[in-house]
Structures are given as structure tokens and as C-alpha cells.
Amino acid sequence: MSEPAVSLAFFDTVQGLHGSARSGVTLLFEGSSPRTLPEGTTIERGGDTWRAHVDGQLELTFTPVSEPAELGGSATTVCRVAGTLGDARLDCLGTATETETPPEWAELDALRAISAIFDAEHAVLALARRPRGALGHGQEEITARLLQAGQLLEVETARISTVYDGEGRQRSAGLELWLPGEDFPRRASGSVQAGASLTLEGLRVNAAVFAWAMEGREGAGAYDLVVRDEPDEAA
């Protein structure tokens with residue numbers, strides 16, 4: 001059995017430094033300015049932690065603070081992130097995602113991955129798959145988990161509403177989460193702070209850092225949209 005693909009992300013709201021690292025590409029944001037590292041990031045797992053390394057540029061350790069949230073083929077863990085990015089020292093929160101079952105793009109039109117991290121005990125994690133030929137968001141398959149007071153809770157039904165700009169990039173979003181036995185949804189809202197668009201292996205990736213608010217808490221996270229890199233593709 002092959003090792004799961006690993007994606008790491010961090011959100012330092014104090015210094016305005018955010019980023020994501022995977023074997024193929026490393027995307028960094030300094031404030032709203034994006035840049036990619038030409039060198040591949042080495043990602044290693046040792047015990048319960050992950051380590052991301054790029055000589056002279058990035059040295060980060062991701063230590064879990066939550067149980068893994070199973071999101072259908074992948075598992076995302078909220079982590080404490082510590083280390084260095086260039087000359088900056090980081091101590092913030094982020095995520096580590098291990099994907100056991102890669103998306104079947106022959107059967108999908110779009111994939112949306114969302115993280116909203118408020119503190120080490122409160123977060124929302126969601127993954128939405130849009131089947132091939134679906135007419136819109138209403139036919140998406142959404143899996144979500146709510147981290148509440150350190151406990152990972154099942155979400156019975158989740159909805160994601162998004163406002164896009166003229167080029168199909170996500171600008172703001174709202175989340176509605178229905179938990180078992182609850183009559184009203186938990187709600188979160190977010191807006192873009194930084195973003196970049198990439199083309200990877202026939203896919204277009206709109207990667208964005210979002211500021212999130214939920215139930216009196218403020219936080220940060222990612223909203224990544226992946227679609228087929230085809231003409232006139234709507235997301």
C-alpha cells in the first residue's frame with residue numbers, strides 16, 4: 001500500500017504569514033502577496049508529528065492538537081505549528097491532511113476544501129465534491145466536522161455558499177452546519193485575505209487564505225477550489 005499524500009498548511013495571523021506545502025508545490029503568502037518556492041518541500045512524518053523542510057527557507061513542525069477529522073478519503077488534523085520561515089519564527093495553528101484515496105477526476109467537476117481554525121479547541125473542517133455534470137452546489141457531496149471545546153463532532157448536513165469574482169475566484173463564504181438533534185444550524189462566515197491561482201496537472205487551483213468568524217470567535221484558514229482546467233469551466 002502506498003503512503004498517503006500529505007498536505008500541510010499554517011496560518012500566522014499575527015505576522016500575516018500563511019502557506020501550504022505538499023510534495024509538488026509550496027505556496028506562501030506574506031500579507032496578501034503570494035509566492036511559490038521553486039524547490040520541492042521535503043515532508044516527513046515521525047510518530048505523531050509532521051516536518052516540512054526546504055533548505056534555508058522553511059523548517060516547520062506540525063504537532064496535532066485534535067483527533068483526525070475523516071472527510072471521505074482524507075483526514076485533516078488541527079496542529080500547532082512551530083519553526084521558521086526565512087528569518088521569521090512561527091508559533092501558530094495549521095492543519096495536516098493525509099489523503100488515502102485521491103479524487104477520481106473522471107467523476108468530478110470540482111473539489112472544495114475548507115478549514116476555519118479559531119483556536120486549538122475550535123475549528124471547522126469541510127470537503128465538498130461536485131460530481132461530473134452536476135448543475136450546481138445543490139448536488140455537491142459535502143462532509144464536515146466541527147471541533148468544539150476539543151471534541152470532534154459529526155455534522156449531519158453542511159452547506160457552503162460562496163461569492164466569486166469575475167474570474168471565478170472565491171471572495172467570501174458562509175457555512176451552515178446542522179448537528180444531530182439540533183434544530184438550527186451553526187453558522188460561520190469568511191472573507192478572502194490573500195489568494196493565488198495555479199495550474200497543476202490539468203487542474204486549476206484557486207488557493208485562498210480566509211479570515212473566519214463564528215459564534216463570537218475570529219480565526220483563519222483556507223478555502224481551496226480545484227476545478228478541471230477546461231474552457232468555460234464554472235465553479
Side-chain angles (χ1 to χ4, degrees), residues 1-15 17-29 36-37 39-54 57-85 88-103 111-129 143-148 150-155 190 194 198 200 205 207-210 212 219-226:
M1 181 180 296
S2 61
E3 292 293 321
V6 179
S7 175
L8 305 174
F10 61 90
F11 311 99
D12 188 326
T13 56
V14 174
Q15 300 184 84
L17 299 174
H18 316 286
S20 62
R22 50 179 60 87
S23 58
V25 63
T26 299
L27 177 62
L28 303 174
F29 295 98
T36 57
L37 296 182
E39 304 88 348
T41 299
T42 299
I43 298 176
E44 300 174 337
R45 182 164 186 175
D48 292 334
T49 66
W50 294 265
R51 177 175 172 266
H53 172 78
V54 178
Q57 300 195 64
L58 184 150
E59 189 77 41
L60 297 173
T61 299
F62 290 69
T63 303
V65 296
S66 77
E67 294 295 319
E70 299 291 340
L71 297 173
S74 67
T76 297
T77 304
V78 178
C79 295
R80 173 68 62 184
V81 184
T84 57
L85 176 63
R89 182 163 294 278
L90 272 60
D91 184 4
C92 60
L93 294 172
T95 58
T97 299
E98 292 189 327
T99 300
E100 293 276 1
T101 306
L111 188 74
R112 298 191 284 171
I114 290 176
S115 62
I117 306 172
F118 303 99
D119 55 45
E121 294 191 331
H122 297 86
V124 178
L125 304 166
L127 184 69
R129 293 178 174 84
T143 306
R145 299 289 184 267
L146 175 66
L147 184 66
Q148 179 77 25
Q151 299 295 313
L152 203 57
L153 305 180
E154 295 285 336
V155 175
L198 308 170
L200 300 172
V205 181
V209 176
F210 261 53
W212 292 98
Y223 185 154
D224 293 339
L225 168 65
V226 186

Q) Mind checking what makes salt bridge (charged side-chain N to carboxylate O under 4.0 Å, His left out) contact with Glu67, not counting sequence neighbours? A) none
**Q.** Asp119: side-chain contact (heavy atoms from CB on, under 4.5 Å) partners, not counting sequence neighbours
**A.** Glu121, His122, Arg217
Q. Does CZ belonging to Arg89 count more than 12 external heavy atoms closer than 6.0 Å?
A. no
**Q.** Inter-residue atom distance Thr84.OG1 - His53.NE2, 0.5 Å rounding
**A.** 9.5 Å
Q. How about Arg51 and Thr49: do any of their side-chain heavy atoms sit closer than 4.5 Å?
A. no
Q: Would you please say whether a donor-acceptor pair under 3.5 Å links the side chains of Ser74 and Thr99?
A: no
**Q.** Closest approach of Ala207 to Asp224 (non-hydrogen atoms, all atoms of both residues)
**A.** CA-OD1, 3.3 Å
**Q.** For Arg129, all residues meeting side chain to side chain donor-acceptor pair (under 3.5 Å), sequence neighbours excluded
**A.** none
(Q) Just to verify, what does Gln151 make a side chain to side chain donor-acceptor pair (under 3.5 Å) with, not counting sequence neighbours? (A) none
Q. By side-chain contact (heavy atoms from CB on, under 4.5 Å), which residues pair with Ala69, not counting sequence neighbours?
A. Leu125, Arg145, Leu152
Q: Mind listing the closest non-hydrogen atom pair of Val78 and Ala123 along with its distance?
A: CG2-CB, 4.1 Å
Q | salt bridge (charged side-chain N to carboxylate O under 4.0 Å, His left out) contacts in which one or both residues fall within residues 5-14, not counting sequence neighbours | A | none
**Q.** Selection residues 71-81 - residue pairs positive for salt bridge (charged side-chain N to carboxylate O under 4.0 Å, His left out), sequence neighbours left out
**A.** Arg80-Asp91
Q: Could you tell me which residues satisfy salt bridge (charged side-chain N to carboxylate O under 4.0 Å, His left out) with Glu70, sequence neighbours excluded, listed by chain and number?
A: none
Q. For Leu127, does its backbone N or O pair with a side-chain atom of Thr143 as donor and acceptor, under 3.5 Å?
A. no
Q) What residues, two or more places apart in sequence or in another chain, satisfy side chain to side chain donor-acceptor pair (under 3.5 Å) together with Ser7? A) Arg22
Q: Could you list the residues that satisfy side-chain contact (heavy atoms from CB on, under 4.5 Å) with Pro103, not counting sequence neighbours?
A: Trp105, Leu108, Leu111
Q. Taking the side chain as C-beta and beyond, is there a heavy-atom pair between Ile117 and Thr95 under 4.5 Å?
A. yes
**Q.** With Phe210 via ring pair (Phe, Tyr, Trp, His ring centres under 6.0 Å) - residues at least two apart
**A.** Trp212, Tyr223
Q: Give the minimum heavy-atom separation between Ala220 and Phe11, together with the two atoms involved.
A: CB-CB, 4.1 Å
(Q) Testing the basics here: between Glu98 and Trp50, what is the closest heavy-atom pair and its distance to 0.1 Å? (A) OE2-NE1, 3.3 Å
Q: Name all residues meeting the side-chain contact (heavy atoms from CB on, under 4.5 Å) criterion together with Thr26; count only those two or more places apart in sequence or in a different chain, and write none if there are none.
A: Ala21, Leu28, Leu37, Thr41, Leu58
Q | Closest non-hydrogen atom pair, Ala96 against Leu8 | A | CB-CD2, 3.5 Å
Q) Out of curiosity, Thr61 OG1 to Glu44 CD, how far, rounded to the nearest 0.5 Å? A) 10.0 Å
Q: Output the distance between atom CG (Leu85) and atom SG (Cys92), rounded to the nearest 0.5 Å.
A: 9.5 Å
Q | Residue pair Gly94 / Val81: nearest heavy atoms and the distance that separates them | A | N-CG2, 3.7 Å
